[in-house]
Protein chains: 4
Amino acid sequence: MPDSTRRNERSRRAILDAALELAGVLGYQKLTIEAVAARAGVGKQTIYRWWPSKGAVLFDALLARTQDTEDGLPDTGDLAADLKTVLRATVTEFADPAFAGPIRALTVELAQDPELAEQYQQRLDRPMRELKKARLRAAQDAGELRADADLDVLADLLFTPVAQRWLLRTGPLTPEYADAVVDHALHGQLTDNR
Amino acid sequence: MPDSTRRNERSRRAILDAALELAGVLGYQKLTIEAVAARAGVGKQTIYRWWPSKGAVLFDALLARTQDTEDGLPDTGDLAADLKTVLRATVTEFADPAFAGPIRALTVELAQDPELAEQYQQRLDRPMRELKKARLRAAQDAGELRADADLDVLADLLFTPVAQRWLLRTGPLTPEYADAVVDHALHGQLTDNR
Amino acid sequence: MPDSTRRNERSRRAILDAALELAGVLGYQKLTIEAVAARAGVGKQTIYRWWPSKGAVLFDALLARTQDTEDGLPDTGDLAADLKTVLRATVTEFADPAFAGPIRALTVELAQDPELAEQYQQRLDRPMRELKKARLRAAQDAGELRADADLDVLADLLFTPVAQRWLLRTGPLTPEYADAVVDHALHGQLTDNR
Amino acid sequence: MPDSTRRNERSRRAILDAALELAGVLGYQKLTIEAVAARAGVGKQTIYRWWPSKGAVLFDALLARTQDTEDGLPDTGDLAADLKTVLRATVTEFADPAFAGPIRALTVELAQDPELAEQYQQRLDRPMRELKKARLRAAQDAGELRADADLDVLADLLFTPVAQRWLLRTGPLTPEYADAVVDHALHGQLTDNR
DNA sequence: GCCTAACCGAGACGGTACGTCTCGTCTTTAC
DNA sequence: GTAAAGACGAGACGTACCGTCTCGGTTAGGC
């Protein structure tokens, strides 16, 4: 059983960096442990010693990258505008293969590895979801949003369409689409809503 | 170049059946062409002759299975109720590994293979989307839904949250969740919506 | 179970040749299946499919090489001279690393793998021993050699000293040593032997 | 560079004992430095600090074991009987895996490591050879053995057949074989010897 | 109703990557 | 201050599949 106090930090960083870089360039299929080890200048065993799977490495790599950006959503007082800002930024990020590649690779892993998905939910999805809900709750408190809205459901309505369209390429991913999602999610579509 | 008139229909069926069955049992990772060929009692070359990739086999297998169920969405005159019926059915189907396994496997493939994703969009996603939009347009014509609603966006709002939650296991997939998604998507959440 | 009728003869030869060559250059320790496969331009599985171990490959390689040289020992009517000729030839062969390297490697394997040793005994040692005994028996029939000599023991006396000295480098391996072995083995050393 | 005055005698003994024991149980292939260190309760570095190779450890271990038994060959005045006594004892010892295992392991090493073989020759083979030659010289002095016999060659004739048969398992290793070797080596086989 | 070309099951082939094991070196921890 | 413990870079192990390539043996039209 490995003793984490003896862990070589230099190797750990090299592995995570190599994993991110290769995931961006090669995609998930062609991302191999061998290639990560070679690129990182590390023995394969050093990867297997500390991570149970290729997905876990990717997960840690992405976790390390996003550690810093836990800023919370913007709050200008205009919920729709703030959400559009965030979603448009997401659309822009997803257009960059170096950024989106590793995320796509990890997503593929999550879909196949329930245990990793559980980790993901706890350490990445839940915190990000809380940030989103915090912004929505602020809008609720400001009377901008209905008091009876289920913020979890609303967050899904706002963020899953863009994620899904990106993941499965079911349509063009444009800023206009992001705006439309926000508008439709917030304004409702039944005629008796007015 | 293979001559499709000489194609052995028995082998084709055996391959598609084996692919579906193994995808349900093993998941995508362990679904191999070798295993499909062995299970189907078929030479590997017979698979490679007719399909370009593992994903393409799965795609055809699922296509064959869903060919029959192109019925259109129910229309009782109550849009919300009809949508809940459909989404609740989806939730139920996704709970059955034999059904959901192959779809999960295919989804994983789609996320990695843009060419296959294009095929998917044209031959499965678009037709299904048209059925959804047809039902929504009927509601629009009936004055139940706003005339200025973008039906594509609305369809995404209604169907991607459930699909995403199922794919990435980001939360419990229950009938209540399905209902809540429909309610929130249709009724809007801004307070000045009333 | 592999079907030997489908075996690729070109690959088989390439593997045996590569094994012999590498065994001569690298010695047994550094002789790896990976290197043999690479040198032979062959997949590793092609080796594992047909041979159970590294030693078995070497064995077949040496077997193929010595297949042709089953000529029998020379018989000029002078036993001692003939034996000296043979042993001096052995000494010369053992001095060539390209020849002796693979034999050394195989010998190391034989010492550790009783099953391979059994194969060796049946397919290489025994036939060679019979050739030796045939020559000795001819000498016996000619009245040159005692009728009560145990030819197996005598063969060991004649051939193991050179083999052992070569294998363990316990002394210089010279033609003179070969001659001395033959003389001492044949003439006896007790004074009442005259 | 290790300072031998600081050497931990307890560790040294534990390593040698562990090496002997494991060589007897596992054979040479599976005898690893890791296993020796673990069995001896010692860090690997402690082995690498003091010995250059696995073979050197084994060598020292066997050296320590045989240090005591430097008694010389028996001398009852009957050379053949004394030699048979010794060779029969050797046959008996070789039948005990706990005894023969380590020797086989070392022999395998010697065949592959000329430097170790040189050490072996000087520190084990030569002394033992001198003991044998001393007994033979005594027989020579007693007029029992020819004055012109080359004692080195004769010693090889007497001792290598048994060693070779044991090492390569080319035949059954029995007391009778030992006797026959002695008889044939001493009495000569040419008919004009009488 | 035969001929012959394609498809078929089978599986060997050259490869790549897997996850494990051991090597010999280097580093940390605890006594 | 010395060693145990063990992490490290390296690389071979034997296995699993990849996608391609022969093999004979059926099939199923075209003549």
Asker: Enter the distance from B:Phe59:CZ to B:Arg123:CZ here, rounded to the nearest 0.5 Å.
Answerer: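 If I round to the nearest 0.5 Å, the distance is 5.0 Å.
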Asker: Rounded to the nearest Å, what distance is computed from the CD atom of residue A:Glu34 to the P atom of nucleotide F:dG11?
Answerer: 12 Å
Asker: Is the backbone N or O of C:Leu62 less than 3.5 Å from a side-chain atom of C:Thr66, with the two atoms forming a donor-acceptor pair by type?
Answerer: yes
Asker: Counting only non-hydrogen atoms, which of residues 46-58 of chain C are less than 4.0 Å from DNA chain E?
Answerer: C:Thr46, C:Arg49, C:Trp50
Asker: Which whole-number value in Å describes the distance from B:Lys30 NZ to E:dC18 C1'?
Answerer: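 To the nearest whole Å, that distance equals 14 Å.
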Asker: Got a donor-acceptor contact below 3.5 angstrom from the C:Thr46 side chain to the C:Val42 backbone?
Answerer: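 Here the side-chain-to-backbone pair does not exist.
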Asker: Atom CD1 of C:Ile15 to atom C1' of E:dA12: distance rounded to whole Å?
Answerer: 12 Å
Asker: Rounded to whole Å, please give me the gap between CD in A:Gln29 and P in E:dA17.
Answerer: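 Nearest whole value for this atom pair: 12 Å.
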Asker: Has the side chain of B:Lys44 got a donor or acceptor atom sitting under 3.5 Å from an opposite partner on the base of E:dG9?
Answerer: no
Asker: With a cut-off of 6.0 Å (strictly less than), are more than 12 heavy atoms of other residues, nucleotides or ligands near CZ of A:Arg7?
Answerer: yes
Asker: If you find the nucleotide of DNA chain F closest to D:Ser11 and the one closest to A:Gly43, which residue's nucleotide is nearer the 5' end?
Answerer: D:Ser11
Asker: Mind calculating the distance between CG (B:Asn8) and P (E:dA10) to the nearest angstrom?
Answerer: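 In whole Å, E:dA10 P and B:Asn8 CG are 13 Å from each other.
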Asker: Expressed in angstrom and rounded to an integer, what is the separation of B:Leu26 atom CG from F:dA16 atom P?
Answerer: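 Interatomic distance, CG of B:Leu26 to P of F:dA16: 15 Å.
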Asker: Please evaluate the base of F:dA7 for a donor-acceptor partner in the side chain of A:Arg7 within a cut-off of under 3.5 Å?
Answerer: no
Asker: Report the distance from atom CG of D:Leu22 to atom P of E:dT22, rounded to the nearest whole Å.
Answerer: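 Result: 12 Å.
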Asker: Which nucleotide in the list F:dG6, E:dG14, F:dC8 gets nearest to the side chain of A:Arg6?
Answerer: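 Shortest atom-to-atom distance from the side chain points to F:dG6.
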Asker: Hydrogens and angles aside, do C:Glu109 and C:Tyr28 bring a side-chain donor and acceptor to less than 3.5 Å of each other?
Answerer: yes
Asker: Is it true that B:Arg169 and A:Glu118 make a salt bridge, defined as a side-chain N closer than 4.0 Å to a carboxylate O?
Answerer: no
Asker: Would you kindly compare A:Ala35 and B:Ala40 by the position of their nearest DNA chain E nucleotide and give the one closer to the 5′ end?
Answerer: B:Ala40
Asker: Provide, to the nearest angstrom, the distance between the CD1 atom belonging to C:Ile33 and the P atom belonging to E:dC21.
Answerer: 19 Å
Asker: Might you confirm whether atom CZ of D:Arg12 has over 12 heavy atoms from other residues, nucleotides or ligands at distances under 6.0 Å?
Answerer: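 Atom CZ in D:Arg12 is crowded, with more than 12 foreign heavy atoms closer than 6.0 Å.
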Asker: Looking at F:dC21, does its base get a donor-acceptor pair with the side chain of B:Gln45 below 3.5 Å?
Answerer: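 Under the 3.5 Å cut-off, the side chain and the base do form a donor-acceptor pair.
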